[in-house]
Protein chains: 2
Amino acid sequence: MAGKKPSPERRSECPLNASVEMLGDRWSLLIIRDMMLRGFRTYKEFMECYEGIATNILADRLRKLVAYGIIRAEADPADGRKLIYLLTKKGIDLAPVLTEMVLWAAGHEETGNQALVRLMRKDKEKFLAGVREGWASRQLHRAPAPRG
Amino acid sequence: MAGKKPSPERRSECPLNASVEMLGDRWSLLIIRDMMLRGFRTYKEFMECYEGIATNILADRLRKLVAYGIIRAEADPADGRKLIYLLTKKGIDLAPVLTEMVLWAAGHEETGNQALVRLMRKDKEKFLAGVREGWASRQLHRAPAPRG
DNA sequence: TTTATTACTTGCATTATGCAAGTTAAATTT
DNA sequence: AAATTTAACTTGCATAATGCAAGTAATAAA
C-alpha cells in the first residue's frame, strides 16, 4: 500500500478525528466539491466558488490538500502561468462523504441544486461510479473540464 | 415535513455548504461521534472526549447543535444538576456521513479503532440500522447509555 | 452544614479567517 | 520589443474563532 502516512501529531487515533483534522473547516470540502462536481482545476476557477473564498485562504487550503495527498498540482503544458489541480485517488474517494453530506442537508434543510440531489438519490452507486470515471461534472454543469 | 428551516444567511444554497456551515469545524462531528458511538449524554462525559475539547468550546458547540436541531437537551429527572443531551432524528441521520468519513480515513491513513472500522466495513447497512436502533454504542464500548 | 459535582461563564492569549493591495512570471496585445 | 493582461500567488492588517485557566451557581452527597 503506497500512501498511508503515520501522521505525527494527531489529537487521537480515531479515524473520524483524522478526517476532521484534514477536512473539518469551512472551505476544504467546498474546493473538493468544485473539483469533483464542477470540473474546476485552476486557482482562478476556484476563486469563482459560489461562497466567495478569500485568496489567501484558498492558497493555504490548496497547499494543505496537496500535503494530505488529496489533490496534486501539475504545470499546464499549454500555458506556463497555469497550474492544474487534480484530485488524487484519495480525493476521488471522498465522493461518498460528499454525497452523504449533500443528502443529509438536502433532507433536513432548505437547499438548492435539486438536480444534483435527485441524481444522488435516484442511484447513489451509479452517481459514485460516474464521479470515479470523471463524468459527474460534465453531467451536472457547464463543465469545461477536459481529461487530464 | 416539520423541521426544515429556511435559514437566513447561508453563503450559498448548496446543500454541501449547508452541511459544512453546520458541521465544518474541529469539534461538532466528534461530539456527535461520542453520542452516537460511545453513548455519551452529559457535559461531563463530553469533556472526556479523547481529543480534549475546551470547556467553553464544548458549551458553544452544544448550543449550536441544539439550535440546528441536531441534538436536544432535557433535564435528568434523577439528578437536577444534570442535563441529558440526545441526538434528534436529524442527528441520527448523520450516521452515514460519519461512517463514510471513518471509512475514508481508515482507508487512507494510519488510524486506530479497527474494531469500529471492521464493523462498518463488514456490513455497512447493518451497522447503520444498529445506530438507528441505538445499540451501536453498547456494541462498541463500555456504553453506559440507557434508553431515553 | 460543609464539601463535591455538574454545567457552565469569564478573561485573556493565541491562532485562524477575511479583506485589500501588492508581487512575479508568463502570455497577449499593440 | 514594449506595454498591458493574466494567473497564481504573498503580505499586512483587522476581526473572529479557539484554547487555557480560573471562577460561579445550583443541586446533591457526606
Side-chain angles (χ1 to χ4, degrees), chain A residues 9-12 17 20-31 34-35 38-68 71-86 144-146 148, chain B residues 9-12 17 20-32 34-35 39-68 71-86 144-146 148:
Chain A
E9 31 212 339
R10 289 253 163 79
R11 294 177 303 181
S12 82
N17 179 62
V20 163
E21 290 198 11
M22 288 186 276
L23 305 168
D25 71 271
R26 278 170 119 53
W27 295 107
S28 298
L29 286 169
L30 298 181
I31 294 168
D34 283 347
M35 298 183 78
R38 302 181 74 197
F40 285 8
R41 308 195 307 166
T42 64
Y43 196 93
K44 195 198 171 197
E45 287 175 316
F46 298 136
M47 285 298 295
E48 289 165 19
C49 134
Y50 297 132
E51 292 81 10
I53 190 169
T55 176
N56 55 337
I57 303 297
L58 175 58
D60 179 74
R61 289 311 117 88
L62 289 172
R63 215 177 293 126
K64 282 177 176 162
L65 290 172
V66 169
Y68 294 141
I71 67 177
R72 67 198 164 80
E74 60 181 47
D76 185 341
D79 186 337
R81 292 169 302 181
K82 287 188 182 174
L83 274 182
I84 296 187
Y85 289 96
L86 299 165
Chain B
E9 31 213 339
R10 289 254 163 79
R11 294 177 303 182
S12 81
N17 180 62
V20 162
E21 290 197 10
M22 288 186 276
L23 305 167
D25 70 273
R26 279 172 117 54
W27 295 108
S28 298
L29 286 169
L30 299 180
I31 294 168
I32 292 162
D34 283 347
M35 298 183 79
F40 286 9
R41 310 194 306 166
T42 64
Y43 196 93
K44 193 196 173 198
E45 288 176 315
F46 298 136
M47 285 300 295
E48 290 165 20
C49 134
Y50 297 132
E51 291 82 9
I53 190 169
T55 176
N56 56 336
I57 303 298
L58 175 57
D60 179 73
R61 288 313 114 90
L62 289 172
R63 216 176 294 128
K64 282 177 177 164
L65 290 172
V66 169
Y68 294 142
I71 67 177
R72 67 197 164 84
E74 60 180 47
D76 185 341
D79 186 339
R81 293 169 303 181
K82 285 188 184 175
L83 273 183
I84 296 187
Y85 289 95
L86 299 165

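Note that the coordinates shown come from a computational prediction; the quantities given were computed from them, not determined experimentally. What you see below is based on every heavy atom in this structure, not just the backbone, and it leaves out hydrogens, waters and symmetry mates. So that the names make sense, note that chain A is the first sequence line, chain B the second, and so on, each numbered from 1.
Side-chain contact check for B:Asn17 versus A:Tyr50: every heavy-atom pair is 4.5 Å or farther apart. The closest side-chain heavy-atom distance from B:Tyr43 to B:Leu83 is not below 4.5 Å. In this structure the side chain of B:Glu45 never reaches within 4.5 angstrom of the side chain of B:Asp34, judged on heavy atoms. Here the side chains of B:Tyr85 and B:Leu65 are not in contact, with every heavy-atom distance at 4.5 Å or above.
Atom CG of A:Leu58 is separated from atom C1' of C:dA16 by 16 Å (rounded to the nearest Å). One interatomic measurement links the two molecules: CZ of A:Arg26 to P of C:dG18, which rounds to 8 Å at whole-angstrom precision. In this structure, CG of A:Asp25 is placed 18 Å from P of C:dT15, rounded to the nearest angstrom. Taking atom CZ of residue B:Phe40 and atom C1' of nucleotide C:dT6, one finds them 16 Å apart after rounding to whole Å. Rounded to a whole Å, the CD1 atom of B:Ile57 is 12 Å from the P atom of C:dT9. When the C1' atom of C:dT24 is taken as reference, atom CG of A:Asp79 falls 15 Å away, rounded to whole Å. The interatomic distance linking A:Met47 (CE) with C:dA20 (P) rounds to 11 Å, in whole Å. Here C:dC8 presents its P atom at 13 Å from CD1 of B:Ile53, a figure rounded to the nearest Å.
Interatomic distance, B:Lys64 NZ to B:Ile31 CD1, rounded to the nearest 0.5 Å: 10.5 Å. Atom-to-atom distance recorded for B:Arg26:CZ and B:Glu51:CD is 10.5 Å, nearest 0.5 angstrom. Taken from CD1 in A:Ile71 to CZ in A:Arg61, the straight-line distance is 12.0 Å, to the nearest 0.5 Å. A:Lys44 NZ to A:Thr55 OG1: the interatomic distance, rounded to the nearest 0.5 Å, is 13.5 Å.
If one axis is set at each end of the helix from C:dT1-D:dA30 to C:dT30-D:dA1 from five pairs, those axes are 10° apart, to 10°.
Remark: A:Arg61 is in phosphate contact with C:dT17, judged by side-chain N or O atoms under 4.0 Å from OP1 or OP2. Contact annotation: A:Trp27 side-chain N/O to C:dG18 OP1/OP2 distance is under 4.0 Å.
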Polar atom pairs (N or O), protein with nucleotides 8-13 of chain D, under 3.5 Å:
unit_1	atom_1	unit_2	atom_2	d
D:dA8	OP1	A:Leu83	N	3.3
D:dA8	OP1	A:Leu83	O	3.4
D:dA8	OP2	A:Tyr43	N	3.4
D:dA8	OP2	A:Lys44	N	2.8
D:dC9	OP2	A:Tyr85	OH	2.4
D:dT10	OP2	A:Arg63	NH2	2.6

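Between A:Gly80 and A:Gly52, the one whose closest nucleotide on DNA chain C sits nearer the 5' end is A:Gly52.
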Review point. So B:Ile53 and B:Leu30, side-chain contact (heavy atoms from CB on, under 4.5 Å) or not? Walk me through it.
Key: CA-CA 10 Å; B:Ile53 190 169; B:Leu30 299 180; over 6 Å; no

